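Reviewing the structure listed below.
Because the structure is a prediction, the values reported are computed rather than measured. Letters go in sequence order (proteins before strands), and every chain restarts at 1.
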Number of protein chains: 2
Amino acid sequence: MSRPTLEKVAARAGVSRATVSRVVNGSTTVAEHIRVAVQRAVEELGYVPNQAARSLVTQRADSIALVFSEPPVRVFSDDPTFAGIIRGVSTEADAADKQVVLMLAGSSRGHERVERYTTSGHVDGVIVASMHGADPLPAALARRGIPVVCSGRPLTGSSLPYVDIDNVGGAESAVRHLLESGRRRIATIAGPPDMVAGIDRLTGYRNALRDSGRRSIIAIGDFTRDSGFEGMTQLLEDDPGLDAVFAASDMMALGALQALRRAGRRVPDDVAVIGYDDVPAAPFADPPLTTVRQPTMRMGRELARLLLHPGESSVILPTELVVRESA
Amino acid sequence: MSRPTLEKVAARAGVSRATVSRVVNGSTTVAEHIRVAVQRAVEELGYVPNQAARSLVTQRADSIALVFSEPPVRVFSDDPTFAGIIRGVSTEADAADKQVVLMLAGSSRGHERVERYTTSGHVDGVIVASMHGADPLPAALARRGIPVVCSGRPLTGSSLPYVDIDNVGGAESAVRHLLESGRRRIATIAGPPDMVAGIDRLTGYRNALRDSGRRSIIAIGDFTRDSGFEGMTQLLEDDPGLDAVFAASDMMALGALQALRRAGRRVPDDVAVIGYDDVPAAPFADPPLTTVRQPTMRMGRELARLLLHPGESSVILPTELVVRESA
DNA sequence: TCTCCCTGTGAGAGCGCTCTCAGCCAGCAT
DNA sequence: ATGCTGGCTGAGAGCGCTCTCACAGGGAGA
């Protein structure tokens, strides 16, 4: 009834445990006819090595953790970033024959759980996908001696390897597009100032405007649709003459679109709108949303590669402006 | 440098391994002052039990696998189903202090990998989230003696426990809504006939029409946007007089919307449209899409509960019609 | 023929933990 | 005093595997 052990296979094949182990692990120093005999025994018994026993001696787990250090709601709401990362990490891990353990570490209790789990030898390394650059988790894990890579530049001043997307460049390209299409008063609805994405996209906006000598018009949101609506409303009050807005997330852009419609402004005729993220809903917005697309899947792959091949250096990935009708 | 072991803690606290183990695992038969001493030693050394060693003797892994038996593209494209399931499973697993191991088993190589991984004692049970009812994976795992629950009624005739969503009822409610708002020629763009969701939603459509004595007008799609566009185009050719369409997925509905627009039909004035899934893009469609929402997170929770408490019986969850402007 | 090496195999020592079982020392009844 | 509990603790076996090391056997070189 219970699963066969190495011992059982060895007995059946008439060899020692060591030899079976050699065959199972693909050692070359085994005579051909013995190898065949062992493999048949493995087959017949349906033998699968006990991973716990193996880990115990090898000190490896052959799996990596992918930790989302965010409330789960955020992770899987409308943001395609996480989905892309998951796919990328999975792809790369598969290729290296590693398993991916997905963990949600939203609560502080979650933090602790993740720390316990990853230090218990269950995984060989951890990818922390956190949007808050000041998240203490990565550093805490590193202190424990666990290999860690971060998605997004850590704000904590730690020197952990990371993969980030060129938020500054992405925002710059969006604003430049607005400038090039003749817009003169370009506002932004920025993201929260405690997130790298929020900070960097605002920097990009400022850079692009500074280069062209125009002044900035700024509202602060939190990446949600509602905050986009409010931000836009306020922006319209502050400067009724604005003719373009760059929202630091598509959800905020969608909210802005709604606020503009309510205020009777036509998009893109009166006001051009650009978002960020290229969420699935973006092409279906009214009008279809021009936005900045991020290579999220590639990000996942790079994260896994960085974890699997330590020593390679941090990576910054480029973005792509997807021009639709809103700008 | 290396992680402290039970032995080290025992030495520091001046007791035996067994006693430390008792304290760590919360046994009551330990004198108060010793318990305190041990806990201090654990604290000071930063001791975390080695899970491999523990699993080896307890034969438990304290984690469960959540397997997506689909190509990864599908899993994380625009379908909120999987995201909801992940959240639900995670929530419930957390509560039971179990870890969730996420696995993508798209390829046949993936199938094999999952089988190896789960039989190697790495997990205590498996949740298979597959949209193809005839997926051989769940049965294969069950044969191996691993506890399995399926998301979606298995089409293989196996008697595995499952959690499903009332696809038939959901489709019926959509079509009834169309009927009640006075529509007379109601078409459907059905899903693929090898998926439970495809089959059941078509059944629901037929049921509702049969009850009211109307005939069915059917096109077959594959849940994608493009197939929705094509399906709608064909439907319009087959029966130019149709005044409503029920698409078995939102993505197909979105495609249908586009086809209708191109054909110069107004929605909902000329043709009413209802989708299925309530994807994030649905509220932003033009016009906002009326659709059938599924309790995906609850589904995840039920899946986990079923796995964690064997013996409870399979569950079918109700859907909810979300009325927006397209119907 | 003897030694040397080289290939292939087996014996055995743990990896870090849990859990059974025996043992110890009160404290109480006899 | 002696025996008997009954509550705590420690000794030790063993979970299933890997990996080092010793060793057997045979071909080549001396």
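- None of B:Thr156, B:Val126, B:Val148, B:Val67 except one satisfies the side chain to side chain contact (heavy atoms under 4.5 Å, CB included) rule with B:Pro138; the exception is B:Val148.
- The CG atom of A:Leu56 sits 9 Å away from the C1' atom of C:dG14 (whole-angstrom rounding).
- Between A:Glu32 and A:Arg35 there is a salt bridge, since a side-chain N of the basic residue sits under 4.0 Å from a carboxylate O of the acidic one.
- Residue A:Gln59 is the one, among A:Gln59 and B:Arg60, whose nearest nucleotide of DNA chain C lies closer to the 5' end (criterion: closest heavy atom).
- Contact of the A:Ile165 side chain with the A:Ile316 side chain is not registered, since no non-hydrogen atoms from C-beta on lie closer than 4.5 Å.
- In this structure, the nucleotide among C:dT18, C:dC15, D:dC19 sitting nearest to the side chain of A:Thr58 is D:dC19.
- Looking at B:Asp97 and A:Arg113, no side-chain N of the basic residue comes within less than 4.0 Å of a carboxylate O on the acidic one, giving no salt bridge.
- As rounded to whole Å, 13 Å separates atom P of D:dC17 from atom NE2 of B:His122.
- Positionally, the nearest nucleotide of DNA chain D for B:Ala53 lies more toward the 5' end than for the other of B:Ala53 and A:Val24.
- A search for ring pair (Phe, Tyr, Trp, His ring centres under 6.0 Å) contacts involving A:Tyr117 returns A:His122, not counting sequence neighbours.
- Between A:Asp62 and A:Lys98 there is a salt bridge, with a side-chain nitrogen of the basic residue lying less than 4.0 Å from a carboxylate oxygen of the acidic one.
- Between the CZ atom of B:Arg35 and the P atom of D:dT9 there is a distance of 11 Å, rounded to whole Å.
- Going from atom CD of B:Glu7 over to atom C1' of C:dG14 covers 13 Å, rounded to whole Å.
- Here D:dG12 presents its C1' atom at 15 Å from CG of B:Leu6, a figure rounded to the nearest Å.
- Taking only side-chain nitrogens and oxygens, B:Asn50 never comes nearer than 4.0 Å to OP1 or OP2 of C:dC15.
- Between B:Arg305 and B:Glu302 there is a salt bridge, since a side-chain N of the basic residue sits under 4.0 Å from a carboxylate O of the acidic one.
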Pairs: protein N or O with nucleotides 4-11 of chain C N or O, under 3.5 Å:
from: C:dT9; atom 1: OP2; to: A:Ala31; atom 2: N; distance (Å): 2.9
from: C:dG10; atom 1: OP2; to: A:Ser16; atom 2: N; distance (Å): 3.0
from: C:dG10; atom 1: OP2; to: A:Ser16; atom 2: OG; distance (Å): 3.1
from: C:dG10; atom 1: OP2; to: A:Thr19; atom 2: OG1; distance (Å): 2.7
from: C:dG10; atom 1: N7; to: A:Arg22; atom 2: NH2; distance (Å): 2.9

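- The CZ atom of A:Arg3 sits 12 Å away from the C1' atom of D:dC15 (whole-angstrom rounding).
- In the set C:dT18, C:dC17, D:dC17, C:dT18 carries the atom at the smallest distance from any side-chain atom of B:Asn25.
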